[in-house]
Amino acid sequence: QMRLVESGGGLVLAGGSLRLSCAAHGRTFGSSIMGWFRQAPGKEREFAARINWSGGNIYYADSVKGRFTISVDNAKSTVYLQMNNLKPEDTAVYYCAHGAIYGKSAMWNDWGQGTQVTVSS
């Protein structure tokens, strides 16, 4: 099991930027992937972005494509989510997740505690 610790959330004006960090504590394996999800009040948790520890296999949700960038720093066992041009609808609790690819699907096994991002208009 992997322990994930997110940081970097906060309050920002629309059009601003934030960078989230997720420190991973535990053993990774070749097919493991890291992802960011978010959950807005009253809504279900939704996928935002994912990446593998080699910096590949990158996917974004359409809602964040072109504004968010996911990256990894293997030396620090840390995954980042750079969020630019933030919109009020990006307001949510952001969760880091660890999982693996099985065939064509990703399965998520470990979750962080979440970090709040609030975008004011």
Side-chain angles (χ1 to χ4, degrees):
Q1 188 173 359
M2 181 169 288
R3 185 169 68 93
L4 305 172
V5 181
E6 303 102 329
S7 61
L11 173 64
V12 64
L13 292 174
S17 299
L18 282 175
R19 188 177 80 156
L20 305 183
S21 300
C22 172
H25 304 275
R27 192 176 69 176
T28 63
F29 45 94
S31 61
S32 68
I33 54 173
M34 299 295 295
W36 286 98
F37 290 73
R38 65 185 185 180
Q39 187 167 18
K43 295 188 177 181
E44 293 186 354
R45 188 174 300 186
E46 65 174 10
F47 167 80
R50 78 176 201 208
I51 191 169
N52 65 19
W53 284 105
S54 299
N57 201 358
I58 294 176
Y59 288 93
Y60 296 100
D62 288 342
S63 57
V64 307
K65 198 175 296 182
R67 300 187 299 121
F68 291 10
T69 302
I70 190 170
S71 62
V72 295
D73 184 331
N74 261 300
K76 297 181 179 179
S77 296
T78 299
V79 180
Y80 303 98
L81 187 68
Q82 177 67 43
M83 306 185 295
N84 297 329
N85 190 22
L86 283 161
K87 305 175 181 180
E89 51 264 42
D90 294 318
T91 295
V93 177
Y94 283 70
Y95 296 91
C96 178
H98 166 252
I101 298 293
Y102 296 96
K104 296 183 179 180
S105 300
M107 293 187 64
W108 303 98
N109 304 309
D110 305 297
W111 296 86
Q113 81 287 353
T115 185
Q116 176 70 46
V117 171
T118 303
V119 185
S120 65
S121 58

Counting only N and O atoms by type, is there a donor-acceptor contact under 3.5 Å from the side chain of [X] to the main-chain atoms of [Y]?
| X | Y | result |
| --- | --- | --- |
| Thr91 | Val119 | yes |
| Asn74 | Trp53 | yes |
| Gln39 | Ala92 | no |

Might you work through the side-chain contact (heavy atoms from CB on, under 4.5 Å) test for Ser77 and Met2, ending with a clear yes or no?
CA-CA 11 Å; Ser77 296; Met2 181 169 288; over 6 Å; no
Closest non-hydrogen atom pair between [X] and [Y], with its separation:
| X | Y | result |
| --- | --- | --- |
| Gly9 | Leu18 | C-CD1, 4.5 Å |
| Cys96 | Met34 | SG-CE, 3.6 Å |
| Glu6 | Gly114 | OE1-N, 2.9 Å |
| Leu86 | Arg67 | CA-NH1, 3.9 Å |
| Pro88 | Ser121 | CG-CB, 3.9 Å |
| Ser21 | Thr78 | CB-CG2, 4.2 Å |

Are [X] and [Y] linked, directly or through other ILVMFWY residues, by side chains that come within less than 4.5 angstrom of each other?
| X | Y | value |
| --- | --- | --- |
| Tyr95 | Ile33 | yes |
| Leu4 | Val79 | yes |
| Ile70 | Met83 | yes |
| Val5 | Leu20 | no |
| Trp108 | Val93 | yes |

Can we say Asp62 and Lys65 salt-bridge, meaning some charged N sits less than 4.0 Å from an Asp/Glu carboxylate O?
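Lys65 and Asp62: salt-bridged.
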Minimum side-chain heavy-atom gap Ser71-Gln82 below 4.5 Å:
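Counting from C-beta outward, Ser71 and Gln82 never come under 4.5 Å.
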Side-chain contact, heavy-atom cut-off 4.5 Å: Asn52 with Ile101?
no
Centre-to-centre under 6.0 Å for Trp36 and Phe68, is that the case here?
no
Taking the six-membered ring of Trp111, is NZ or CZ of Arg45 closer than 6.0 Å to its centre and within 45° of its axis?
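That pair qualifies as a cation-pi contact.
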Atom pair NE2 (His98) and NE2 (His25), whose distance is rounded to the nearest 0.5 Å
13.0 Å
